[in-house]
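Worksheet: one structure, shown below.
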Amino acid sequence: KQEVTQIPAALSVPEGENLVLNCSFTDSAIYNLQWFRQDPGKGLTSLLLIQSSQREQTSGRLNASLDKSSGRSTLYIAASQPGDSATYLCAVSKYGGSQGNLIFGKGTKLSVKP
Amino acid sequence: GAGVSQSPRYKVAKRGQDVALRCDPISGHVSLFWYQQALGQGPEFLTYFQNEAQLDKSGLPSDRFFAERPEGSVSTLKIQRTQQEDSAVYLCASTTGGVRTEAFFGQGTRLTVV
């Protein structure tokens, strides 16, 4: 059974700091991995999608890497801002799932202090 | 539409009441997913549609949960005889189809059963 773990569960940093969020998964047979952001009381906003054949994806201050063989992904946020405060979720789309249904971690709650 | 739209945003139901939650996916998106997110947890898969066909309902927690997508566009998740443990955020996602595509989520419906 595929399990996704995110560490740390919560993180508080001062504004301007670079930070790394970690995601690990137990079964390396995945189609892709997706990082999402969730603001309180809101839905999920897609940040980055990494296909299983890719090593990383970048969007602005965000960079996500994927090491499928070791079952790990990291989300790097450069020069953090208070507006980055949210819960970050990673999810994998695994083989055998219904055409792409996602298995999620519990998320990392990020707080960036001004 | 421009994004995935869900209604209502909030629903309070008395225990035993039936509820219906609506999802309007991105126009042209073939695949539609329902997820349930308990407080402090990641979303968990409920069911999957490809066009109007419900291809996977393995995540539905009981036979009180029923979903439909009769014309391959709008979907409704119905919960009969609601119970307190049904309290959660219900999220809908759509994709263009296939296992490697990006999932786009709605804002969710927060259901509280009292």
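Protein chains get the first letters and strands the later ones, always in sequence-line order, with residue 1 at the start of each.
Residue Phe105(B) holds its CZ atom at 10.5 Å from OG1 of Thr45(A), rounded to the nearest 0.5 Å.
Leu75(A) is connected to Leu19(A) through a chain of hydrophobic side-chain contacts under 4.5 Å among Ile, Leu, Val, Met, Phe, Trp and Tyr, so both are in one cluster. Transitive grouping of hydrophobic side chains (ILVMFWY, heavy atoms separated by less than 4.5 Å) keeps Phe49(B) and Leu102(A) in distinct clusters.
Other residues, nucleotides and ligands place more than 12 heavy atoms under 6.0 Å from the CZ atom of Arg9(B). The neighbour count for Glu85(B) CD, taken as heavy atoms of other residues, nucleotides or ligands under 6.0 Å away, is above 12. Counting non-hydrogen atoms of other residues, nucleotides and ligands closer than 6.0 Å to CD of Glu68(B) gives a total above 12. Annotation for Arg55(A): atom CZ does not count as buried by contact number, only 12 or fewer foreign heavy atoms lying within 6.0 Å.
Neither the backbone nor the side chain of Gln6(A) has a heavy atom closer than 4.5 Å to any heavy atom of chain B. For Leu49(A), the part sitting under 4.5 Å from any heavy atom of chain B is the side chain, from C-beta outward, and nothing else. In this structure, the portion of Gln37(B) lying under 4.5 Å from any heavy atom of chain A is its side chain and not its backbone.
Closest of all the heavy-atom pairs between Ser46(A) and Glu102(B) is OG-OE2, 2.5 Å. Closest heavy-atom contact between Gly43(A) and Leu91(B): CA-CD2, 4.1 Å. Contact between Leu89(A) and Pro43(B) at its shortest, heavy atoms only, is CD1-CD, 4.2 Å.
Screening Phe33(B), Tyr48(B), Trp34(B) for a side-chain contact (heavy atoms from CB on, under 4.5 Å) involving Asn101(A) leaves a single residue, Phe33(B).
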